[in-house]
Number of protein chains: 2
Amino acid sequence: MTMSDVARHAGVSRTTVSFVLNDKPGAAIPEETRRRILEAIDELGYRPNAGARALAANRSGWFGLITEIVTGPFATEVITGAQSRAWGDRRFLLIAASEGDPAQEAAALDQMLEHRVEGLLYATTWHRAVTLPKAAREVPTVLVNCYDAEGELPCILPDEVSGGYKATRRLLDAGHTRIGFINLDPAIPAAIGRREGYERALREAGITPDPSLVVPGWATADSAYTAACELLDRPAGDRPTALFCGNDRMAMGAYDAIKERGLRIPHDVAVVGFDNQELIAAYLRPKLTTLALPFEAMGTKGIDMLAALAAGQPLDTRQVTIDCPLLERSSV
Amino acid sequence: MTMSDVARHAGVSRTTVSFVLNDKPGAAIPEETRRRILEAIDELGYRPNAGARALAANRSGWFGLITEIVTGPFATEVITGAQSRAWGDRRFLLIAASEGDPAQEAAALDQMLEHRVEGLLYATTWHRAVTLPKAAREVPTVLVNCYDAEGELPCILPDEVSGGYKATRRLLDAGHTRIGFINLDPAIPAAIGRREGYERALREAGITPDPSLVVPGWATADSAYTAACELLDRPAGDRPTALFCGNDRMAMGAYDAIKERGLRIPHDVAVVGFDNQELIAAYLRPKLTTLALPFEAMGTKGIDMLAALAAGQPLDTRQVTIDCPLLERSSV
DNA sequence: GCGCTTTAATAACGCGCGTTACTTCCGTGT
DNA sequence: ACACGGAAGTAACGCGCGTTATTAAAGCGC
């Protein structure tokens, strides 16, 4: 089933069929002819060949998305966002996983370039600096949830500072004044930014941040359990009445420490998480109030930026930050 | 950068370059010429155009994967499995989400067919019957985690019966004889199969299944909490010493009910889950022993079957079931 | 009737590549 | 001297389509 078949069946030339299919502006096609062609298409069950079309038009319609792990709650949100947005532009997304292996990453990139992607999204599971293979410069590239170590490529990042601020502010608004912060590895951008927001919110409320209330965890429930025990076992009066946790898994560990002591959430101790991992946050008892990393929004924004770049438009900002929304549940 | 450029640069014809690139059998290419060509490719940074190649060879190299939700822990495992397996065959996966909307599903299918996919994988998030649009018959199609309501398309399903059997067997082996079963909606295939396995294991151990020990939950932690309370509040001696839960979220609810009563896991009550949702199973305290749905394996198997179908080979079995592995952690 | 513009449609080229059929060159055997 | 076979390489076609000239017909004013 090719366009020629349709043309023959409708008694016109292939060119005319092409004009109709593409709504070619400037082409004068009487209604009667157009109808005959559409009918023929329908009767024959003709489907345009996307590959041939791309070749002739020199426009693949592809965007590429490379990420470390396709599995995992974060990457999938980016994919969802990017996918749906790309779809709206009648584009397709080529998805590949590097599995954290530079060789696979290079292979994926090669494949993308061989498929003539018009733009590339590169997403990581956690906020950090990256260095891309040189080949990535051959095509417009946007980084998602990471930034170029060489500072050249445009990137989209979550607003960690505002996230930390909002979490703390929510607890302050609920009347808490001693707020423990079980942070992530203090060396990573997420931990640095959130702590900055945390301290700013405290100062705005006239509270001097107490460094001993900030303890590092290592992203696991167990480490957070230990950290929470340390905070909760302080002498009464000095004990925090609220815990802000670096992620939801850590909040899970904090829950255990709190419950173990016969304390109640949120009555005795309020908890705020981070990441909004649905499986945890929505099923913990009580449900966890947490901040969402805007992965889906970052994905859609990424496609927007790529579309602009691919169309030759310059970017207004090289670095975009996106807000982390606060999701109210029942732990505050 | 096209093959012609490479040919010119190497002082040979385009045909020769093509022969070298494709290792054409029967083509006599002296080592010296081959070297010159590869050098030229390298110097010019030439990349074959996958689209043009597909057009000429009439072989797209694409497989399609349609699923309800790209986000979500299950679909991503299928994608991972299918993706990695497809990659091994030097094929690419086209992924689309239907979002449960028939219109989007049809649109996705259209796009896939326009891109001339050589095979189609259709995956659902839960085991059930489906009916595909007629267009899906235009290309080899394999169902994953679902089966054709009309019984025509080949499918890959998890072995629910063996899963239920293994869970129960594990608890029997640990010495439990009164095993409560908080099942899923009793009308769905997963619930039916697992119950069958549960009862078979009991009978094999010489125990007559007690129907009052099987209570339905509705897939949520809350409903399982209620169900667990009902089972645990039976008079001592009649109370089950182990709970087999229809999924990990339900196990989460059961944990709460158990802990609330001052009972200890696994000392007083053992728990086995189902689904192996990493975020829950690996972070509950104690870690949850559970059965994994073999999504990744189903994905790879799906690509295998598609590859066979696309190559024109007949399938040996129209319905394949894949085992659910038991993951030992600390709740038994 | 003749020029001119607009409408309707087409022939023909090229996109980058796989593939077939064909040519040229060289060494060998008789 | 000639036919012959293999090695090395190429011209040319076609894949399905977008696009640009170009043509043919129709409408219009005089």
Side-chain angles (χ1 to χ4, degrees), chain A residues 1-38 40-41 44-62 90 92 110-111 113-118 138, chain B residues 1-38 40-41 44-62 90 110-118 138:
Chain A
M1 271 310 119
T2 75
M3 254 175 59
S4 303
D5 296 322
V6 174
R8 203 171 312 121
H9 195 263
V12 297
S13 79
R14 203 179 51 70
T15 308
T16 308
V17 177
S18 173
F19 284 173
V20 168
L21 275 173
N22 298 343
D23 276 327
K24 189 101 217 279
I29 315 262
E31 206 43 53
E32 152 69 9
T33 309
R34 158 178 268 103
R35 196 188 48 68
R36 272 215 325 277
I37 293 178
L38 293 179
I41 289 179
L44 297 180
Y46 164 76
R47 267 180 230 287
N49 181 320
R53 176 185 292 216
L55 180 59
N58 191 25
R59 224 180 131 275
S60 71
W62 291 106
R90 317 224 62 225
F92 237 107
D110 270 350
Q111 285 290 327
L113 293 174
E114 291 191 7
H115 282 278
R116 299 296 188 265
V117 294
E118 296 170 32
E138 293 179 23
Chain B
M1 272 310 120
T2 75
M3 255 176 58
S4 303
D5 296 322
V6 174
R8 203 170 311 121
H9 196 263
V12 297
S13 79
R14 203 179 51 69
T15 307
T16 308
V17 177
S18 173
F19 285 172
V20 167
L21 275 173
N22 298 341
D23 276 327
K24 189 100 216 275
I29 316 262
E31 206 44 52
E32 152 69 9
T33 307
R34 159 177 266 103
R35 196 189 47 69
R36 273 214 325 278
I37 293 179
L38 294 177
I41 289 178
L44 298 179
Y46 164 77
R47 266 180 231 287
N49 181 322
R53 177 184 291 216
L55 180 58
N58 191 25
R59 223 179 132 276
S60 71
W62 292 106
R90 317 223 63 227
D110 271 350
Q111 285 291 328
M112 304 248 159
L113 293 174
E114 291 192 6
H115 282 279
R116 299 295 187 266
V117 294
E118 296 170 31
E138 294 180 22

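To find a chain, count down the sequence lines: A is the first, B the second, and so on, and within it residues start at 1. Quantities reported herein were computed from a predicted structural model and do not represent experimental measurements.
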Q | Residue closer to the 5' end of DNA chain D, A:Y46 versus B:T33 (nearest nucleotide) | A | B:T33
Q.
Do A:N49 and A:T2 make a side-chain contact, defined as non-hydrogen atoms from C-beta onward lying under 4.5 Å apart?
A. no
**Q.** Over all atoms of both residues, closest heavy-atom pair of A:R14 and A:S4
**A.** CD-OG, 3.1 Å
(Q) Using the salt bridge (charged side-chain N to carboxylate O under 4.0 Å, His left out) criterion, which residues pair with A:R47? Sequence neighbours excluded. (A) B:D110, B:E138
(Q) Quick check for you: to the nearest 0.5 Å, what is the distance between B:T15 atom OG1 and B:M3 atom CE? (A) 7.0 Å
Q) A:T33 pairs by side chain to side chain contact (heavy atoms under 4.5 Å, CB included) with which of A:V20, A:L38, A:V12? A) A:V12
Q: Compute the bend angle of the helix from C:dG1-D:dC30 to C:dT30-D:dA1 from the end axes (five pairs per end), rounded to 10°.
A: 60°
Q: Could you identify which residues of residues 17-32 of chain B place a heavy atom less than 4.0 Å from some atom of DNA chain D, listed by residue number, or say none?
A: B:F19, B:A28, B:P30
Q. Sequence neighbours excluded, which residues qualify as side-chain hydrogen bond (donor to acceptor under 3.5 Å, both in side chains) partners of A:D23?
A. A:R34
(Q) Using a 4.0 Å cut-off on heavy atoms, which residues in residues 48-62 of chain A reach DNA chain C? List them by number, or say none. (A) A:L55, A:A56
Q. Any side-chain heavy-atom pair from A:L21 and A:V6 closer than 4.5 angstrom?
A. no
Q: Only counting residues at least two apart or in another chain, list the ones meeting ring pair (Phe, Tyr, Trp, His ring centres under 6.0 Å) with B:H115.
A: A:W62, A:F92
Q: Report yes if the side chains of B:K24 and B:S18 come closer than 4.5 Å at any heavy-atom pair, otherwise no.
A: no
Q.
Please enumerate all residues that pass salt bridge (charged side-chain N to carboxylate O under 4.0 Å, His left out) together with A:E114, with sequence neighbours excluded.
A. none
Q | For A:S13, all residues meeting side-chain hydrogen bond (donor to acceptor under 3.5 Å, both in side chains), sequence neighbours excluded | A | A:T16
Q: Could you tell me which non-hydrogen atom of A:A54 sits nearest to which non-hydrogen atom of A:S60, and how far apart they are?
A: CB-CA, 3.8 Å
Q.
For A:R36, give me all partners under salt bridge (charged side-chain N to carboxylate O under 4.0 Å, His left out), at least two apart in sequence or on another chain.
A. A:E32
Q.
Once salt bridge (charged side-chain N to carboxylate O under 4.0 Å, His left out) is applied, what residue pairs with a partner in residues 48-62 of chain B remain, sequence neighbours excluded?
A. none
**Q.** Covered region of DNA chain C, 5' end to 3' end, by chain B [heavy atoms, under 4.0 Å]
**A.** C:dG16 to C:dT20
Q) Can you list, by residue number, the residues of residues 5-16 of chain B that have a non-hydrogen atom closer than 4.0 angstrom to DNA chain D? A) B:V12, B:S13, B:R14, B:T15, B:T16
